[in-house]
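Comments concern the structure below.
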Amino acid sequence: MQNGEKVFVGQIIIRQRGTKYLPGHNVRRAGDDTLYAGKDGIVRFFTKTKTRFDGSRRKATLVSVL
């Protein structure tokens, strides 16, 4: 999926190994880290600064359905 594409409930947005992309609003994560839509809507990607447990920071990409 790309930014701005329409998705439906249960549709896979991203298949991934590990958590390169994090789930945002209306996005669920499956046991194999696949991200799928929790509601109908439009896919949006956002970047966010996350603080790691050791205090260092990293940029994370969140996937949301609006």
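When a residue number appears, it is its place in the shown sequence, counting from 1. Since this is a predicted model, take the numbers as computed values, not measurements.
Closest approach of V43 to Q2, counting heavy atoms only: CB-O, 3.9 Å. When all heavy atoms of I13 and A37 are compared, the closest pair comes out as CD1-N, 3.8 Å. The heavy-atom pair separating S64 from G24 by the smallest distance is OG-CA, 3.6 Å. Across every non-hydrogen atom of N26 and K39, the tightest pair is OD1-CD, 3.6 Å. In plain terms, the two heavy atoms of A30 and Y36 that are nearest each other are N-CE2, 3.9 Å. Annotation for R58 and R52: closest pair CD-NH2, 3.4 Å, computed over non-hydrogen atoms.
Annotation: the span from R44 atom CZ to N3 atom CG amounts to 5.5 Å, rounded to 0.5 Å. Put simply, CD on Q16 and OG1 on T34 are 7.0 Å apart, with the number rounded to the nearest 0.5 Å. We find the OG1-CG distance between T47 and L22 to be 11.5 Å, quoted to the nearest 0.5 Å. Rounded to the nearest 0.5 Å, atoms CG (L66) and CZ (F46) are 5.0 Å apart.
Contact check on R15 versus D32 returns a salt bridge, with a Lys/Arg side-chain nitrogen under 4.0 Å from an Asp/Glu carboxylate oxygen.
Residue F45 is grouped with residue L35 when hydrophobic side chains (ILVMFWY) are merged at heavy-atom distances under 4.5 angstrom, including chains of intermediate members.
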